[in-house]
Amino acid sequence: MKSTFLKLAFGAMALAFSASMSTAQDLKPVKFSLDWTLQGNHAIWGLALKNKYFEQNGMKVSMDRGYGSGDTVVKIAAGAYDIGFTDVNSVIKFNAENPDRTVLAFYQVFDKTPNSIIALKKSGITKPADLAGKKIGAPESDSSRMMFGAFAKANSIDPASINWVTMAPNLRETMLVQGQVEAISGFSSTSVFNLISAGVPQDDIVVMSYADNGLDLYGSVLVAMPDYIAKNPGVIKGFVKATISGTVDLLKDPAAGMAAMQEIEPMFETKLETARLAFLMEKGVLKSPAFDKNGLGYVDPARMDLTIKTNSEVYKVAAPAADKVYTTEFLPPASERMPPK
């Protein structure tokens with residue numbers, strides 16, 4: 001009797017182990033690139049990893065830092081990564097210039113672009129018009145730099161009057177503090193807090209956001225190659241679901257998100273990134289009235305058309321068709337993607 005019981009027990013254990021191994025082996029590997037180094041808003045996917053939302057949706061996701069939205073788009077188009085988090089404005093420019101290898105946005109993460117020009121009060125720059133004739137620093141693939149033409153047009157600035165200084169991403173805020181440039185371009189949520197981390201009082205930082213100065217454009221999205229999407233619709237649907245779950249968790253409990261990121265990167269600065277995340281929510285980027293009303297990932301077609309048109313005018317390229325820029329096909333019903341109250 002005892003021997004029979006042990007055989008049954010070991011048999012059950014073996015079956016359970018075999019099932020778990022089979023499940024793990026069935027997970028689809030997905031390479032995911034962020035837009036920048038690990039930050040507070042990236043905790044959406046830190047929580048999706050920690051809480052196994054990707055695994056629940058059939059994926060084994062590896063997540064890497066990025067080096068600018070423009071760079072992320074190029075890497076997706078080259079097949080170096082399956083899915084990327086990047087600025088939709090970079091997507092529009094890339095697709096217009098590369099119609100034979102476009103990428104497609106399938107989930108709207110940021111309702112508003114955080115693209116901005118940032119200066120210090122000591123420069124005397126307080127408004128967009130003050131930028132004429134100034135030295136502005138940024139990495140070449142920086143989204144705000146790439147979109148500066150639209151900002152210049154909206155604010156009657158001659159783009160030719162700007163002296164652009166190119167530097168490595170990690171030197172941008174340092175060069176501003178040292179006075180080597182008079183302003184920088186970048187996401188406000190990145191540069192403001194990098195400057196604070198460098199010891200600059202927040203009151204000494206001047207932010208000229210594109211969204212508040214004539215460019216009410218959409219912000220960052222999840223993208224993939226159309227061929228990848230067509231071949232892996234289940235992965236795309238699952239990635240959207242995991243992203244929504246991670247976003248809801250993050251909005252409910254930002255501290256849990258910061259803890260998840262610290263597990264990924266022990267040097268992650270929790271206090272700074274908590275403030276950065278709060279900034280994004282306060283500015284209507286990650287949490288917005290449109291998302292509150294229509295659900296996370298909502299896209300207003302008219303506003304996206306304006307975003308596409310603005311980019312095409314700035315870069316003097318034919319505007320790509322809306323269905324070549326984004327799709328809402330993989331969004332679950334609004335009831336399944338409502339943010340917490």
Side-chain angles (χ1 to χ4, degrees), residues 34-40 65-74 86-87 89-90 93 113-215 219-220 267-269 271-273 275-276 279-280 283 314-315:
L34 298 172
D35 57 337
W36 202 245
T37 188
L38 297 182
Q39 295 183 342
R65 64 154 294 173
Y67 294 87
S69 288
D71 185 66
T72 298
V73 173
V74 170
T86 185
D87 183 52
N89 300 288
S90 297
K93 179 180 185 294
T113 177
N115 282 318
S116 302
I117 300 295
I118 301 97
L120 302 180
K121 282 186 177 178
K122 66 181 182 181
S123 69
I125 297 171
T126 61
K127 58 186 184 300
D130 296 335
L131 294 169
K134 298 296 192 295
K135 286 197 296 185
I136 305 179
E140 197 165 9
S141 63
D142 172 65
S143 174
S144 301
R145 176 173 178 171
M146 293 167 68
M147 277 299 295
F148 184 80
F151 179 78
K153 180 180 179 181
N155 292 279
S156 302
I157 302 169
D158 179 6
S161 72
I162 303 300
N163 180 14
W164 283 99
V165 179
T166 301
M167 73 276 289
N170 62 319
L171 296 178
R172 173 170 44 189
E173 288 76 23
T174 300
M175 290 182 70
L176 178 63
V177 172
Q178 292 176 349
Q180 296 183 56
V181 294
E182 294 156 290
I184 55 176
S185 71
F187 278 7
S188 53
S189 53
T190 296
S191 292
V192 166
F193 290 93
N194 286 353
L195 289 168
I196 291 172
S197 183
V200 178
Q202 190 164 356
D203 289 345
D204 289 346
I205 303 171
V206 178
V207 178
M208 290 165 281
S209 74
Y210 287 15
D212 294 335
N213 288 278
L215 292 180
S220 297
M267 299 299 290
F268 190 78
E269 297 184 42
K271 183 177 179 181
L272 179 71
E273 296 306 329
R276 195 193 309 269
F279 179 89
L280 282 170
K283 297 296 183 182
V314 167
Y315 297 118

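Count residues from 1 along the sequence. This one's a predicted model, so the numbers in the text were calculated from it and none came from an experiment.
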Nearest atoms (heavy-atom pairs only) where G186 meets I118: O-CD1, 3.8 Å
Pairwise distance CE(M208) to OG(S185) - rounded to 0.5 angstrom: 11.0 Å
T86 backbone acceptor or donor facing S69 side chain under 3.5 Å: no
Distance, nearest 0.5 Å, that separates CD of Q202 from CZ of F193: 5.5 Å
Exam field: side chain N155 to backbone A152, donor-acceptor pair closer than 3.5 Å: no
Euclidean distance, S197 OG relative to K271 NZ, rounded to 0.5 Å: 11.0 Å
For I117 against A183, the heavy-atom pair lying closest together: CG2-CB, 4.0 Å
Distance-minimising heavy-atom pair for S123 and A119: OG-CB, 3.9 Å
Check: K153 and V314 side chains under 4.5 Å, non-hydrogen atoms: no
Flag if over 12 foreign heavy atoms under 6.0 Å of CD, E140: no
From CA spacing to verdict: salt bridge (charged side-chain N to carboxylate O under 4.0 Å, His left out), R172, D142: CA-CA 11 Å; R172 173 170 44 189; D142 172 65; 3.1 Å; yes
Least distance between heavy atoms, L120 atom then V206 atom: C-CG2, 4.3 Å
Exercise: do S144 and N115 side chains pair donor with acceptor under 3.5 Å: yes
Parallel, tilted or perpendicular: rings of W164 and F148 (30°, 60°): perpendicular
Side chain to side chain, K134 and N163, heavy atoms closer than 4.5 Å: no
Expected output: side-chain K121 to main-chain D203 donor-acceptor under 3.5 Å: yes
Donor-acceptor pair between Q39 and S189 side chains, under 3.5 angstrom: no
F187-W36 aromatic ring centre distance below 6.0 Å: no
Side-chain donor-acceptor contact under 3.5 Å, S209 with N213: no
Minimal non-hydrogen separation, P128 against I157, with atom names: O-CD1, 3.2 Å
I205 CD1 to N194 CG distance, which is reported to the nearest 0.5 Å: 9.5 Å
Nearest heavy-atom neighbours spanning L215 and T113: O-CG2, 4.1 Å
Y210 vs P114 side-chain heavy atoms within contact, under 4.5 Å: no
Any donor-acceptor N/O pair, R276 side chain to G40 backbone, under 3.5 Å: no
Pairwise distance CG(D35) to OG1(T72) - rounded to 0.5 angstrom: 6.0 Å
Side chain to side chain, I184 and S191, heavy atoms closer than 4.5 Å: yes
From I136 atom CD1 to L131 atom CG, the distance as rounded to the nearest 0.5 Å: 4.5 Å
